[in-house]
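Encoded as structure tokens, the structure appears first; notes follow it.
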2 protein chains.
Amino acid sequence: MSTTQMLKGIIDGCILAIIHEKEIYGYELAEKLEQYGFDSFSEGTIYPLLMRMQKEELVTSTLKKSTAGPKRKYYSLTSKGEQELRQFIKRWKLLQSSVNSVLKGEENE
Amino acid sequence: MSTTQMLKGIIDGCILAIIHEKEIYGYELAEKLEQYGFDSFSEGTIYPLLMRMQKEELVTSTLKKSTAGPKRKYYSLTSKGEQELRQFIKRWKLLQSSVNSVLKGEENE
DNA sequence: CTTACTATCTTGTATTACAAGATATAGTTG
DNA sequence: CAACTATATCTTGTAATACAAGATAGTAAG
């Protein structure tokens, strides 16, 4: 994944980081992202994304009973996912410094 | 434009910022972005993007003779473009803090 | 005239973010 | 029990995006 590709893939990285903290299911993830200050991601974004990541073997899932509602699909990182997360962090830092150096002249606005 | 939409539109904001510094043409812009640490953006990314921004009236363009090669199309910001830039900066700061707070637990990796 | 460099634009493709809505389970209330 | 509410996942379809690849064109040098 190149730096430019990541422009589209920032959510992916954030989701990997959140899953890394502790295993989590989609619905809970959506709430958590909102807490972190993101505009709420709809399920139409999150579920396909999680399924894509599972297909890429970045995460695995297990079903567990819910107190209310259908079974929850808990996701956790594979070692490939952990590796991807570390690479995402590097790329994010790079992107951040690139964008910030572009914006340097605009700071006081 | 929502926070999530901007995930895809970070380049747009960076380009607005660069054009704001001084008027610039596409080819020069591509080189500049590379200097700033971005993976080189191909012309297939930059030219359609500039044309889109002109269509949205964020930038205007004027043709000027080149020392070598065809005429250069110099772009500069409209007041709408300046406004959009200021909004981009706000959204970028927000995104930055959101992502960084998600990554807080991962810092030392 | 061919090569090389500068410069812009077009076409086509894969991916992405997302809205909208379908589906399913369990608890609550009338 | 029927209706409603909340929880939870998945599907479908769409618009926008990033990009590779290549077409086009002007100028200068050999």
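Just so it is clear, the values below take in all heavy atoms, side chains as well, and ignore hydrogens, waters and symmetry mates. Order of the sequence lines sets the chain letters (A, B, ...), proteins ahead of strands, with each chain counted from 1.
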Whole-Å gap separating [atom2] ([N]) and [atom1] ([X]):
{"X": "B:Y74", "N": "C:dT6", "atom1": "OH", "atom2": "C1'", "answer": "12 Å"}
{"X": "A:I10", "N": "C:dT16", "atom1": "CD1", "atom2": "P", "answer": "13 Å"}
{"X": "A:K73", "N": "C:dT25", "atom1": "NZ", "atom2": "P", "answer": "15 Å"}
{"X": "A:L63", "N": "D:dA8", "atom1": "CG", "atom2": "P", "answer": "13 Å"}
{"X": "B:I46", "N": "D:dA20", "atom1": "CD1", "atom2": "P", "answer": "11 Å"}
{"X": "A:K55", "N": "C:dT16", "atom1": "NZ", "atom2": "P", "answer": "11 Å"}
{"X": "A:R72", "N": "D:dA8", "atom1": "CZ", "atom2": "P", "answer": "4 Å"}
{"X": "B:I11", "N": "C:dT16", "atom1": "CD1", "atom2": "P", "answer": "14 Å"}

Check: Which residues pass the ring-ring contact (aromatic ring centres under 6.0 Å, His included) test with B:Y47, sequence neighbours left out?
Finding: none
Please check this pair: side chain of [X] against backbone of [Y], looking for a donor-acceptor N/O pair closer than 3.5 Å.
{"X": "B:K73", "Y": "B:K64", "result": "no"}
{"X": "B:T78", "Y": "B:L58", "result": "yes"}
{"X": "A:K80", "Y": "A:V59", "result": "no"}
{"X": "B:S76", "Y": "B:E23", "result": "no"}

Margin query: Under a 3.5 Å cutoff, is there a donor and acceptor pairing between the side chains of B:Q54 and B:T60?
Written below: no
To the side chain of [X], which of [options] is closest?
{"X": "A:D12", "options": "D:dA8, C:dA17, C:dC9", "answer": "C:dA17"}
{"X": "B:E43", "options": "C:dA19, D:dG22, D:dA18", "answer": "D:dG22"}
{"X": "A:S42", "options": "C:dC9, C:dT6, C:dA19", "answer": "C:dA19"}

Item checked: Residue whose nearest DNA chain C nucleotide is more 5′ - B:M51 or B:E31 -> B:E31
Check: Between B:G44 and B:Y25, who's closer to the 5' end of DNA chain C by nearest nucleotide?
Finding: B:Y25
Next item on the list: Establish, with yes or no, whether the OP1 or OP2 oxygen of D:dT9 is under 4.0 angstrom from a side-chain nitrogen or oxygen of A:Y47.
Entry: yes
Notebook entry, point to check: Within the pair A:R52 and C:dT15, is there a side-chain N or O less than 4.0 Å away from OP1 or OP2?
Noted result: no
Next item on the list: Sugar-phosphate means primed atoms, P, OP1 and OP2; the rest is base. With that split, encode nucleotides 25-30 of chain D 5' to 3' as B, S or - using protein heavy atoms under 4.0 Å.
Entry: BBS---
Notebook entry, point to check: At what distance, to the nearest 0.5 angstrom, does NZ of B:K93 lie from CG of A:N100?
Noted result: 9.0 Å
